[in-house]
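Right, one structure below, let's go through it.
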Amino acid sequence: MNKILFGLLLCSLPVIATAQETFDALKNSETELRGTARFQSMAGAFGALGGDLSTLSQNPGGIGVYRSSDAGITMSLDFNSSKTNLSSDNDTRFNVNNAGYVGTIRTGSEVVPYFNIGFTYQRQMDFHRHYRGTVGALNTSITNHIASYTGNYNESDLGVANDYNPYYSTSAPWASILSYNSYLINYNNGGWQGLYGDGTTGSGEFEVDQSGHTDEYNISFGGNVNNTVFWGATVGLTDLDYKSYTYYGETLNNAYIYDHNGNTGIVDGTADYGYENYLHTEGTGYNFKLGVIVKPVNELRLGLAFHTPTYYDMKDRYASSAAFQMTPAGATDGGYYGTNYAGYGDGSMDEVRYDIHTPWHFIASIAGVMGREGILSFDYEYVGNGSIRVCDDNGHAYTDVTDRVKDYLQASHIFRVGGEYRVTPDWSLRAGYSYQTSPVKDVVKDNQANITTVSNNTAYEFDKSIQHLTLGLGYHYKGFYADMAYVHKWRTSQYNAFSPIVGIGYTEPGVNAEVKDNNNRVVLTMGFRF
């Protein structure tokens with residue numbers, strides 16, 4: 001199938017239609033392994049260690065470990081690769097992962113010898129990802145999916161002008177309006193019908209292009225008690241910018257096309273069509289983190305940290321279009337073809353505002369310190385994805401979205417292990433591994449749930465698992481230090497063009513594909529302690 005290219009018309013949806021749904025909110029809640037090279041080279045297993053600029057974003061109790069001031073910057077080259085059944089798409093990016101300063105104040109007290117304050121910038125998430133693929137031997141069609149939820153709307157609800165204004169036209173779903181005006185769904189024999197029926201065959205094609213980042217700016221303070229209990233607190237200010245472009249198209253033979261040439265009923269023919277969707281999300285938010293590290297004996301460290309949700313003020317811009325070419329069998333006039341847009345004819349842009357509360361996090365850690373030569377550290381992190389909330393811009397939760405969050409999502413569990421061995425007084429070797437479980441329930445992974453999405457975009461994706469294998473090298477001389485890390489990330493995800501239709505005693509499958517990421521990162525940190 002040849003991809004149909006469209007011009008996009010930027011637009012916005014009514015708030016009730018565009019406040020983000022479950023998988024959009026989940027995407028905007030994501031974080032990943034970022035920070036200093038030392039932190040990354042031990043797979044982030046630092047919750048019981050501290051004394052590193054990254055711990056201000058993880059366990060703020062780590063700021064209490066400092067006994068001298070610290071200033072550093074971390075940079076990386078990211079080599080990203082996403083693979084589907086069609087191709088492998090590669091991308092190389094430069095990032096500044098972390099930069100910050102911690103200042104120590106000697107109090108003169110034996111009980112509370114230090115009080116520390118720190119400021120850091122940390123990249124929490126890089127959204128850049130591109131993949132595309134094909135689906136052969138379709139068992140259903142996106143047009144059947146859209147027809148299934150068009151429900152009780154009649155043709156007068158959907159037969160509006162192509163460049164309609166959703167505020168004044170109708171409350172019908174945008175995808176239904178686009179599809180009806182593009183001959184992709186039709187009203188026949190008392191109900192709505194898509195193009196796929198008995199004897200229909202065809203194939204599909206998809207493309208997803210994502211970009212953007214989440215950055216966090218932290219202000220932390222903390223100290224220690226008797227050099228045994230190290231405590232800290234962080235106020236985090238976040239900045240999110242996310243863009244996505246999605247395309248899904250199908251080519252069908254023996255399609256069930258409604259005859260608009262002065263006749264009635266369904267006729268046989270071919271159909272070639274596709275949907276494009278564009279989303280730009282921007283948000284600012286804040287969160288709080290509390291943490292403590294306890295050193296009962298010199299050889300043992302215990303850490304606990306709690307992160308509140310990030311409370312985001314968000315705004316979205318949407319655009320959607322459908323392009324089509326329908327050719328009834330035996331047609332001499334070329335059939336029907338064109339492009340319709342879900343938006344304003346003049347191309348004006350509006351903003352849709354709402355709030356998101358991301359999941360809360362809990363981190364428990366333990367580390368063993370073997371003299372001055374070695375460290376072995378373990379972290380467990382609990383991410384309460386079921387606590388995600390989408391609210392209006394006055395903070396009132398959308399209860400239907402809250403219910404779907406609980407239906408679709410489950411807690412993620414992150415396990416990290418890291419080690420460091422000091423080869424000489426100046427040189428250290430490091431390694432680590434982490435594993436993160438899927439945030440979605442089995443009923444979603446097994447395609448046994450009706451998934452609600454937002455706007456005209458019926459597509460959604462989720463991670464099945466994320467793993468990191470890390471290595472590192474550290475050098476310090478007097479106050480100067482330089483650390484390098486290599487990070488390999490495996491991520492297995494599932495792309496879904498549209499939801500399955502699940503009813504009592506039957507399931508009509510959706511269309512999905514597996515996406516595998518194999519990303520490599522080289523990280524360099526340089527800094528001074530004084």
Side-chain angles (χ1 to χ4, degrees), residues 1-8 23-24 26-28 30-34 75-95 97 123-138 142 203-214 240-251 274-281 319-321 323 436 438-440 445 453 457-470 486-498 510-523:
M1 171 180 175
N2 294 323
K3 178 183 171 185
I4 307 168
L5 297 176
F6 313 84
L8 283 173
F23 289 94
D24 304 286
L26 180 64
K27 170 67 70 176
N28 292 329
E30 290 180 343
T31 59
E32 62 179 348
L33 179 60
R34 294 276 173 177
M75 300 157 286
S76 70
L77 276 177
D78 292 63
F79 306 92
N80 301 324
S81 174
S82 297
K83 185 176 181 180
T84 65
N85 66 336
L86 176 66
S87 66
S88 179
D89 292 275
N90 302 306
D91 177 51
T92 301
R93 297 190 56 78
F94 171 81
N95 279 302
N97 291 280
R123 174 139 295 181
Q124 294 288 74
M125 187 68 193
D126 188 322
F127 291 111
H128 284 81
R129 191 186 196 195
H130 180 263
Y131 60 87
R132 51 202 168 94
T134 58
V135 181
L138 290 172
I142 190 174
S203 61
E205 181 185 36
F206 62 88
E207 181 178 1
V208 176
D209 190 13
Q210 301 166 338
S211 62
H213 60 266
T214 301
L240 182 149
D241 190 287
Y242 171 71
K243 297 178 181 178
S244 75
Y245 161 83
T246 63
Y247 168 83
Y248 177 72
E250 295 176 342
T251 296
Y275 296 86
E276 278 191 331
N277 285 275
Y278 171 86
L279 168 65
H280 184 191
T281 299
S320 298
S321 60
Q436 181 172 344
S438 176
V440 303
K445 284 187 281 189
T453 57
N457 192 359
T458 60
Y460 61 98
E461 66 178 15
F462 56 82
D463 293 329
K464 293 182 177 180
S465 66
I466 301 174
Q467 301 178 73
H468 293 90
L469 180 64
T470 64
Y486 164 75
V487 179
H488 183 73
K489 175 182 177 181
W490 297 276
R491 175 167 67 167
T492 303
S493 306
Q494 181 171 302
Y495 162 83
N496 302 270
F498 52 90
V511 169
N512 57 69
E514 187 172 80
V515 184
K516 292 186 176 181
D517 293 331
N518 284 282
N519 300 337
N520 296 286
R521 182 185 309 147
V522 179
V523 189

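Closest approach of Tyr248 and Gly204 over heavy atoms only: OH-CA, 4.3 Å. Asn97 and Met75 make their closest contact through ND2-C, 3.8 Å (heavy atoms, listed as atom of the first residue, atom of the second, distance). The two residues Tyr460 and Phe498 make their nearest non-hydrogen contact at CE2-C, 4.1 Å. Annotation for Asn80 and His128: closest pair ND2-O, 4.2 Å, computed over non-hydrogen atoms. The two residues Thr134 and Phe206 have their closest heavy-atom pair at N-CE2, 3.9 Å. Shortest non-hydrogen contact noted between Val515 and Ser82 is CG1-CB, 4.4 Å.
Two residues are said to be in side-chain contact when any heavy atoms from C-beta on lie closer than 4.5 Å; Asn90 and Phe79 fail this criterion. Between Gln467 and Leu469 there is no side-chain heavy-atom pair separated by less than 4.5 Å. For the pair Asn496/Phe462, a side-chain contact is recorded, criterion being any heavy-atom separation below 4.5 Å from C-beta on. Side-chain contact check for Val511 versus Leu138: some heavy-atom pair is nearer than 4.5 Å. Phe127 places a side-chain heavy atom less than 4.5 Å from the side chain of Glu30. Residues Thr281 and Leu279 meet the side-chain proximity criterion, which asks for heavy atoms closer than 4.5 Å.
Sparse packing is recorded around NZ of Lys83, with 12 or fewer heavy atoms of other residues, nucleotides or ligands lying under 6.0 Å away.
Side-chain polar atoms of Ser438 and Asp463 form no donor-acceptor pair below 3.5 angstrom. Checked by atom type, the side-chain pair His213/Asp126 shows no donor-acceptor distance below 3.5 Å.
Rounded to the nearest 0.5 angstrom, Gln494 CD and Asn512 CG are separated by 4.0 Å. The distance from atom CD1 of Ile466 to atom CD of Gln436, rounded to the nearest 0.5 Å, is 4.5 Å. Residue Ser88 holds its OG atom at 14.0 Å from OH of Tyr131, rounded to the nearest 0.5 Å. Rounding to the nearest 0.5 Å gives a distance of 11.0 Å between OG of Ser493 and NZ of Lys516. For the atom pair OG of Ser76 and CZ of Phe94, the computed distance is 7.0 Å after rounding to the nearest 0.5 Å.
A donor-acceptor pair is defined here as one N or O able to donate and one able to accept, closer than 3.5 Å; such a pair exists between the side chain of Thr84 and the backbone of Arg132. The closest donor-acceptor contact from the side chain of Asn519 to the backbone of Ser81 lies under 3.5 Å.
The aromatic rings of His488 and Trp490 stand perpendicular to each other, their planes meeting at an angle above 60°, with 30° marking the opposite boundary.
For the pair Glu32 and Arg491, the salt-bridge criterion is not met [side-chain N within less than 4.0 Å of a carboxylate O]. For the pair Asp517 and Lys489, the salt-bridge criterion is not met [side-chain N within less than 4.0 Å of a carboxylate O].
For Thr246, the side-chain contact (heavy atoms from CB on, under 4.5 Å) partners at least two apart in sequence or on another chain are Val208, Asn277, Asn457.
Tested against Gln210 for a side-chain hydrogen bond (donor to acceptor under 3.5 Å, both in side chains), the candidates Lys243, Arg129, Glu461 yield a single pass: Glu461. Under the side-chain hydrogen bond (donor to acceptor under 3.5 Å, both in side chains) test applied with Tyr245, the options Glu207, His130, Glu276 reduce to a single match, Glu276.
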Practice problem: Just do the side chain to side chain contact (heavy atoms under 4.5 Å, CB included) check on Asn520 and Tyr486 with the steps written out, would you? | Solution: CA-CA 7 Å; Asn520 296 286; Tyr486 164 75; 2.5 Å; yes
Practice problem: Run the numbers on Asp78 and Arg34 for salt bridge (Lys or Arg N to Asp or Glu O under 4.0 Å), then give the verdict. | Solution: CA-CA 11 Å; Asp78 292 63; Arg34 294 276 173 177; 3.0 Å; yes
